[in-house]
Structure formats: C-alpha cells, structure tokens
Amino acid sequence: MVHRILIVTAVAAEADSVSAGLGLGDPGLLPLPGGLTLRRHRDRVDVLVGGVGPAAVAAATGTALAHEALTGDRGRYGLVVSAGIAGGFLPAAPVGSVVVSSAIVAADLGAETPDGYLAVEELGFGRSVHHVPEALTDRITTALTSGSTDTAGPDAGTTSTTAPPYALAPVLTVSTVTGTARRAAELAERHPTAAAEAMEGFGVAEAAAAHGVPVVEIRAVSNAVGPRDRAAWRIGEALGALRHTFELLSRTVLVEPWEPS
C-alpha cells in the first residue's frame, strides 16, 4: 500500500511552498464538499488549503479525511501534517527557523479566573493538548539534521538543499494572534517550553484524532511573538524555509511508511 499523507495549510501561499518543496510536479485537483479543493501529488501526498483559524481548518480537515475514508480507493491516510508559517518565541525560534511540534496546544481553550487561567482539562471539558509521538518527531528531526543533501531533481540535474535551523517544542494554537508584549509574556509564562504560535494546528489535530490518524505540526517562523510590527515580518523568508523543509521531508518521512509504536 502506498504511504499516503495529508498536509493542511491555512492559505494558498503556504500550500504553494509545500507543493514546490515536494518536487512532484503539478498536482491533480480533486474537488471536495464545501468548496474545498485537494491538491493530489501522484496519489501519495495531498495538500489542502483549509482556511484560517482552528474552526475552519478542523472542518476542512475532517471533510478531507471523511471523503477519503468513504470514497478513496488508495487506502486511508497514514499521517496528517499541519504546515505553514508562524510567530516564534525568542530565543528558541528566530525568524527563518522551523519548529517541529512535540505537542500541539490550544493555548486559549479554557477560562480566565481571578486566580489565573484554567485549561479546558481543569474545567472537566475535554482536552487542549495533542502530544506527537516521539518516533515521528525523531524521524522528522533526523531528516532536518541531515543538513545539506545533493539529490536528483524532479526534472534533471542535481539539487542541493540545506535544512533551516529547527526547534522541537510545543506549538501553540491561538484564535487571536499575539500583538502585545503583555500577551506574549502571558503565553510564555503559561507555556514556557513553547517555540511558536499559529492559528490552525489544534483544529487539524482534533480532526485527525477523530479519524485515528497521527498528526504533527511543522511551522516556519516569519516573525517574533510580541508587539505587532508588520515591517519586521519576513514572510518570504519563512515560506522559503517551509519549502526547503518539505524538500528534505519529501525524500524521507513523506515516502517511508510510519506506524505508531
């Protein structure tokens, strides 16, 4: 059976970088319910633009997983990846680096109280964390640690790819992107080991968990978490790092079947 992976991004620019990194040529386009379109790369890797925020992307990811389970003849997905750009917590994740999630955390799914924040688990209503299997993150970080690799490109000739610096750490999912120093400090205090924040990972993870599929989040850092300063954003650099990351993973993690231990 072909090892099949679903990669979910928020916006088309992120999906374009992922698809370019895969190096599998132009994808086929498969329409899904709800106006979604799946980019199918050689029946092996599917890329989906799922929308911004945890609710939209959870619905989109769930749609893709359910559609494949009900109609697919290529076997179920073996892995779901939430991918895109993100804000990074300094000094762990500077601009241009990549964060691989050791856990995917809904950072604002809970309640504020006079005594501080309570996560949803403390309220007795579900979960706010998806832990990523260590065996999976080990394979991803091993591929990134490999550094420079010369391989034959998808057309002709040789391509040299250098892995961006990376951190293995929790990635936070927020519904409102941090834009002040106070909010950044609050998140850092509440989640001291986190290296990045974005808006979709937990939604993707919830959908994947509902279908029993392992999930990981991979983020390239475009800006520091903190006061909103659009002049300091490096979106192009982050999209380049995202593409380089998937160039490396396309030769290892994305082609080798993985089973949870």
Side-chain angles (χ1 to χ4, degrees), residues 8-11 13-14 17 52-54 57 81-110 112 116-122 127-132 134 136-138 140-141 144-145 163-206 215-246 249:
V8 185
T9 71
V11 299
E14 295 167 327
S17 291
V52 175
V57 81
V81 182
S82 175
I85 64 176
F89 287 93
L90 297 175
V95 170
S97 66
V98 168
V99 179
V100 179
S101 66
S102 58
I104 301 170
V105 182
D108 51 11
L109 184 59
E112 294 286 353
Y117 177 82
L118 293 178
V120 70
E121 290 91 339
E122 297 173 275
R127 63 188 166 196
S128 63
V129 180
H130 288 273
H131 294 283
V132 181
E134 186 175 348
L136 175 57
T137 58
D138 281 350
I140 294 170
T141 56
L144 298 181
T145 302
Y166 72 87
L168 174 63
V171 176
L172 306 185
T173 300
V174 295
S175 295
T176 301
V177 171
T178 298
T180 66
R182 177 180 177 181
R183 174 64 170 165
E186 288 175 354
L187 288 175
E189 181 178 4
R190 192 183 304 160
H191 306 282
T193 61
E197 73 161 24
M199 300 180 72
E200 293 79 33
F202 190 78
V204 174
E206 282 285 279
V215 64
V216 65
E217 187 168 5
I218 300 175
R219 293 283 176 175
V221 176
S222 61
N223 58 278
V225 176
R228 186 175 175 84
D229 179 9
R230 296 189 65 173
W233 294 356
R234 298 293 181 265
I235 293 176
E237 183 178 346
L239 290 173
L242 188 67
R243 176 177 58 81
H244 292 157
T245 297
F246 278 89
L249 298 183

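These figures come from a predicted structure and were not determined experimentally.
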> What do the steps show when you test Arg127 against Glu206 for salt bridge (Lys or Arg N to Asp or Glu O under 4.0 Å), and what is the final call?
Replying inline: CA-CA 10 Å; Arg127 63 188 166 196; Glu206 282 285 279; 2.8 Å; yes
Does any non-hydrogen side-chain atom of [Y] lie less than 4.5 Å from one of [X]?
{"X": "Arg219", "Y": "Tyr166", "result": "no"}
{"X": "Val81", "Y": "Phe246", "result": "yes"}
{"X": "Leu172", "Y": "Val105", "result": "yes"}
{"X": "Val221", "Y": "Pro94", "result": "no"}
{"X": "Val216", "Y": "Ser101", "result": "yes"}
{"X": "Val204", "Y": "Glu217", "result": "no"}

> Residues in side chain to side chain donor-acceptor pair (under 3.5 Å) with Glu121, at least two apart?
Replying inline: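 Here the qualifying residues are Ser128.
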Where do [X] and [Y] come nearest, in terms of heavy atoms and distance?
{"X": "Gly201", "Y": "Ile104", "answer": "C-CG2, 3.4 Å"}
{"X": "Ala103", "Y": "Val129", "answer": "CB-CG1, 4.0 Å"}
{"X": "Tyr117", "Y": "Gly110", "answer": "OH-N, 3.3 Å"}
{"X": "Ala238", "Y": "Ile85", "answer": "CB-CG2, 3.7 Å"}
{"X": "Ala169", "Y": "Ala195", "answer": "CB-CB, 3.6 Å"}
{"X": "His130", "Y": "Ala205", "answer": "CD2-CB, 3.5 Å"}

I'd like to know if the side chain of [X] and the backbone of [Y] have a donor-acceptor N/O pair within less than 3.5 Å.
{"X": "Glu189", "Y": "Glu186", "answer": "no"}
{"X": "Asn223", "Y": "Asp229", "answer": "no"}
{"X": "Glu200", "Y": "Gly53", "answer": "yes"}
{"X": "Glu14", "Y": "Ala10", "answer": "yes"}
{"X": "Arg234", "Y": "Gly96", "answer": "no"}

> Out of Val120, Val174, Thr173, which residue meets the side-chain contact (heavy atoms from CB on, under 4.5 Å) rule with Leu109?
Replying inline: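 It is Val120; the other options fail the test.
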Rounded to the nearest 0.5 Å, what's the gap from [atom1] on [X] to [atom2] on [Y]? Could you check?
{"X": "His131", "Y": "Ser102", "atom1": "NE2", "atom2": "OG", "result": "8.5 Å"}
{"X": "Leu242", "Y": "Thr9", "atom1": "CG", "atom2": "OG1", "result": "8.5 Å"}
{"X": "Leu136", "Y": "Thr141", "atom1": "CG", "atom2": "OG1", "result": "9.5 Å"}
{"X": "Glu197", "Y": "His191", "atom1": "CD", "atom2": "NE2", "result": "10.5 Å"}
{"X": "Asp108", "Y": "Thr176", "atom1": "CG", "atom2": "OG1", "result": "6.5 Å"}

> Can you name the residues that form a side-chain contact (heavy atoms from CB on, under 4.5 Å) with Ala184, not counting sequence neighbours?
Replying inline: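 Partners of Ala184 by the side-chain contact (heavy atoms from CB on, under 4.5 Å) criterion, ordered by chain and then number, come out as Thr178, Val225.
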> Any salt bridge (charged side-chain N to carboxylate O under 4.0 Å, His left out) pairs touching residues 88-99, not counting sequence neighbours?
Replying inline: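 Matches after skipping sequence neighbours: none remain.
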